[in-house]
Amino acid sequence: MKKYNKKTFPVEEVRRFLEPSPTVLLTSKYKEEQNVMTMGWYTIMEFVPSLIGCMISGGNHSFELIKKSKECVINIPTIELSKTVVEIGNCNGSEIDKFEKFDLEYESGNIVKAPLLTNCYANFECKLYDDKLIKNYNFFIFEIVKARVATSPKYPKTIQYRGDSHFVESGKNFIIPSLK
Ligand SMILES: Cc1cc2nc3c(=O)[nH]c(=O)nc-3n(C[C@H](O)[C@H](O)[C@H](O)COP(=O)(O)O)c2cc1C
């Protein structure tokens with residue numbers, strides 16, 4: 001699998017990669033156990049601090065690990081990993097070691113304990129910022145505390161989830177200058 005040359009990226013600017021809502025891989029770790037799940041349901045909430053709201057179903061094994069550890073990593077896979085992304089989102093980490101099963105390479109984070117996926121374009125380390133909506137909505141509000149992003153390509157080809165097995169691939173990028 002491809003490995004990227006990455007550099008530290010300003011956390012207040014990571015929305016450039018997350019506003020198009022690519023389907024991401026969420027890694028977690030609590031004590032000796034680590035896991036990875038697929039996530040498509042999230043939203044940017046603030047730039048400074050860099051906040052992101054994520055819906056993580058209570059039935060997911062990741063839910064327990066993240067609730068207990070209060071941290072995770074958002075990893076952005078590119079289109080080449082699409083099949084693996086779907087497979088990771090269709091199996092349960094309490095039954096199998098997904099890192100082994102899908103041959104996922106990973107490295108240690110700088111701030112959180114959850115692993116950074118080496119074969120993903122970007123890795124955003126997150127700490128739980130607000131737990132108020134978890135109980136009623138399984139909605140976690142995280143602060144991105146450290147970001148590492150590949151130095152190229154400038155615009156990675158990612159996939160967005162439309163539900164029911166339908167995806168869109170990211171398209172042409174262009175700039176419309178701000179009027180302010
Ligand atoms: C494309 C795709 C997007 C998904 N998005 C989410 C999501 O945003 N939130 C969620 O809770 N589950 C989502 N899922 C489902 C989880 O990835 C799935 O339940 C996974 O098996 C959970 O793994 P775990 O039990 O090991 O944590 C998605 C699955 C796929 C295939």
Side-chain angles (χ1 to χ4, degrees), residues 1 14-15 17-46 50-106 109 112-144 156-171:
M1 269 192 269
V14 298
R15 66 193 180 103
F17 302 99
L18 294 176
E19 282 201 57
S21 295
T23 305
V24 298
L25 293 172
L26 199 65
T27 46
S28 52
K29 182 168 185 175
Y30 179 66
K31 294 189 174 166
E32 295 313 308
E33 196 178 358
Q34 61 184 22
N35 194 26
V36 53
M37 66 167 265
T38 303
M39 181 174 79
W41 314 322
Y42 63 85
T43 183
I44 298 291
M45 297 182 74
E46 180 54 279
S50 184
L51 301 184
I52 176 165
C54 305
M55 220 299 285
I56 304 170
S57 298
N60 290 348
H61 188 52
S62 303
F63 179 93
E64 291 306 325
L65 300 186
I66 293 169
K67 200 166 166 230
K68 286 179 189 154
S69 65
K70 299 182 168 37
E71 40 182 58
C72 66
V73 176
I74 293 170
N75 305 273
I76 303 190
T78 47
I79 195 160
E80 298 79 15
L81 290 180
S82 302
K83 193 166 170 285
T84 306
V85 165
V86 172
E87 286 173 357
I88 288 171
N90 280 280
C91 58
N92 188 327
S94 65
E95 292 161 4
I96 52 157
D97 179 345
K98 297 195 207 181
F99 296 89
E100 200 179 297
K101 180 171 167 66
F102 299 108
D103 211 12
L104 300 175
E105 294 174 56
Y106 55 88
V112 308
K113 294 199 174 66
L116 313 186
L117 294 180
T118 310
N119 310 113
C120 282
Y121 180 87
N123 313 110
F124 302 146
E125 296 181 49
C126 300
K127 281 195 161 289
L128 186 63
Y129 184 82
D130 191 332
D131 65 1
K132 285 192 202 69
L133 297 179
I134 298 176
K135 191 162 173 269
N136 287 342
Y137 299 102
N138 295 340
F139 193 78
F140 291 69
I141 300 174
F142 295 112
E143 178 180 359
I144 297 174
K157 201 146 213 37
T158 55
I159 55 167
Q160 288 100 50
Y161 190 40
R162 306 188 69 181
D164 297 327
S165 303
H166 291 250
F167 289 85
V168 209
E169 69 176 65
S170 57

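Reckoned from all heavy atoms, side chains included, excluding hydrogens, waters and symmetry mates. All ligand and atom numbering here is 1-based and tracks the order in the structure.
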### Message
Within the 4.0 Å heavy-atom shell around Phe167, which atoms of ligand 1 are there?
### Response
1 (C)
### Task
Verify whether one side chain among Asn138 and Ser57 offers a donor that lies under 3.5 Å from an acceptor in the other.
no
### Query
What protein heavy atom sits nearest atom 19 (O) of ligand 1, and how far off is it?
Asn60 OD1, 2.9 Å
### Query
Considering the options Leu65, Val36, Asn60, which one meets the side chain to side chain contact (heavy atoms under 4.5 Å, CB included) requirement together with Ser28?
Leu65
### Summary
Those residues at least two apart in sequence (or on a different chain) that pass side chain to side chain contact (heavy atoms under 4.5 Å, CB included) with Lys70 are Leu128
### Query
Short list, please: which atoms of ligand 1 are under 4.0 Å from a heavy atom of Ile56?
11 (O)
### Message
Please report the interatomic distance CG(Asp131) to CZ(Phe142), rounded to the nearest 0.5 Å.
### Response
10.5 Å
### Which of the ligand 1 atoms, numbered from 1, are nearer than 4.0 Å to a heavy atom of Ser57
10 (C), 11 (O)
### Query
Any chance the rings of Phe167 and Tyr161 have centres within less than 6.0 Å?
yes
### Query
So, for Tyr42 and Pro22, which heavy atoms are closest and what is the spacing to 0.1 Å?
OH-O, 2.6 Å
### Message
Taking only non-hydrogen atoms of Tyr42, do any sit less than 4.0 angstrom from ligand 1?
### Response
no
## Note on the structure
closest protein heavy atom to atom 8 (O) of ligand 1 is Trp41 N, 2.8 Å
### Query
So which protein heavy atom does atom 9 (N) of ligand 1 come closest to, and at what separation?
Met55 O, 2.8 Å
### Task
Inspect the contact between Lys157 and Glu169 and indicate whether a charged nitrogen and a carboxylate oxygen are less than 4.0 angstrom apart.
yes
#### Entry: Atoms of ligand 1 close to Asn35 [distance to a heavy atom under 4.0 angstrom, numbered from 1]
24 (P), 26 (O), 27 (O)
### Query
Atoms of ligand 1 less than 4.0 Å from Cys91 heavy atoms?
20 (C), 21 (O), 23 (O), 26 (O)
### Query
Going by the order shown, which atoms of ligand 1 are within less than 4.0 Å of some heavy atom of His61?
24 (P), 25 (O), 26 (O), 27 (O)
### Query
What residue and atom, counting heavy atoms only, is the protein's closest point to atom 18 (C) of ligand 1, and at what distance?
Gly89 O, 3.2 Å
### Proximal ligand 1 atoms for Met39, defined as those under 4.0 Å from one of its heavy atoms
5 (N), 6 (C), 7 (C), 8 (O)
### Task
Could you tell me the residue and atom name of the protein heavy atom closest to atom 2 (C) of ligand 1, and the distance to it rounded to 0.1 Å?
Thr38 CG2, 3.5 Å
